[in-house]
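Contents: one structure, followed by commentary.
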Amino acid sequence: MNGRALEDFLDWEFLTAEERFVLAARLPTGQELEYDIERPEGLPMGVTLEPPRIRRCANHCDFCFVDGNPEGLRAPLYIRDDDYRLSFRYGNFATLTNLKPWDVERIVEYRLAPLYVSVHATEPTIRRWLLRNPTAPDIIPQLERFAARGITFHTQVVLVPGVNDGAQLTRTLGDLYAVGRAILSVSVVPVALTEFSKRQLVREPTAAECRAALTTVDRFATRALADRGTPWCYGADDLYLQAGEPLPPAEWYGDFEQRENGVGAVRYLQTRIAAARDRLPPLAGKRIGVVTGVAMGPLMPPVLADLALATGAQIELIVVANTLFGPTVTTAGLLPAAAIEAALIERRDLDLALVPAEAVNDDLHFIDDQAAATLLARLPMPVRLSADFADALVEAGVPA
Ligand code: SF4
């Protein structure tokens, strides 16, 4: 492309952003061609790229979700990705421990920001311990070098009790705050383990440990609110849940930048329902089952009360335990189709069931590789995949 070799989709997108460029190609026949391309801005070129080769992770965290996978899942679920390109594109968290010098230059040249970074701890030895990577570079100087060149970050700390909580959490948040405004946010997320995780090496935090972490989070958030006009430091919904503390109001989360990371996800749902209130169809007399995972179960009643009030429908919360990963995996996004099927197969009394859209991948397959269409065909009621309830109901109402 204009004399530069193409490495991946990022090169393609950035280098073809010009209105005019020269594309040199070698065809499968071996023939070499040069295309002089001119196109109005934004007009698609009709080119499909091979999926990028995922950058593998160089770490071996005790709490790695890949180790926590049972056997027999789809092969991609065993890949430990740690890829700044996916961090930029999809908000996947990366550790920046596997960057080559030319990756650094690329991040700056293409302004790949904001990036989502797993910091965990800023004390270098603790971070290397958590990542089980003795060569992980010091994160604060790394972030500062990027910050000086205009790159911004959303960051997270996965809280591992006895390792990066207490004084280490205070240090980590203080160090990140001191980097300045390039650190757009930091979330504190309690470590999540499955039945298959290395439980002899790592454990989940207790309620008291979660409360202590929230106290630290609140201290930094109060300071940031006063200094910078944003809380900046957020506890994950799970941290509040496990601490037995109420969630902050929706306004607390600003643009809900880390909602995909379970930060403000509950309040986000409530704002979506409130925003769709005028467009929701009247559903008096209908029974709607809402499937969720165990984690969201206790947080859902206020969300569903909003939905019932707005529609007049009778809404039933159906909390489904994870039969594939074991009961400690409580997120709705990892529910297997088999567990959802077992919960709904006898429910002929429901007019509609809403199933979490985050439980399927882009190919509409659940984590246990069952196609959504197959599940839907087996169940006795109409079923919709739904991200925020309002979406499924506004678009299509409820079948008569
Ligand atoms: S950074 Fe840790 S948790 Fe993430 S993929 Fe690598 S080993 Fe697993």
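Read the numbers this way: they start at 1 and go in the same order the structure lists the ligands and their atoms.
In this structure, atom 2 (Fe) of ligand 1 lies nearest to the protein heavy atom C61 SG, 2.3 Å. Protein heavy atom at the shortest distance from atom 4 (Fe) of ligand 1 is F65 CE2, 4.2 Å.
By the criterion of a heavy-atom distance under 4.0 Å, the side chain of C57, and not its backbone, is placed next to ligand 1. Both the backbone and the side chain of N59 come within contact range of ligand 1, each with a heavy atom under 4.0 Å.
Between E105 and K100 no salt bridge is recorded (no basic side-chain N to carboxylate O distance below 4.0 Å). A salt bridge links R347 with E316: the closest approach of a Lys/Arg side-chain nitrogen to an acidic carboxylate oxygen falls below 4.0 angstrom. Salt bridge annotation for R56-D81: absent, with no cationic side-chain nitrogen under 4.0 angstrom from a carboxylate oxygen.
In summary, the side chains of S87 and N92 do not present any donor paired with an acceptor at a separation below 3.5 Å, with no hydrogens or angles considered.
In the displayed structure, R55 atom CZ is contacted under 6.0 Å by more than 12 heavy atoms of other residues, nucleotides or ligands.
When each atom of ligand 1 is checked for a heavy atom of R80 under 4.0 Å away, the hits are 5 (S), 7 (S).
Among the backbone and side-chain atoms of C64, no N/O/S atom is found under 2.8 Å from atom 2 (Fe) of ligand 1.
Assignment of T95 to the shell around ligand 1 is supported, since a heavy atom sits closer than 4.0 Å.
Ring centroids of Y234 and H154 are separated by 6.0 Å or more, keeping the two rings apart.
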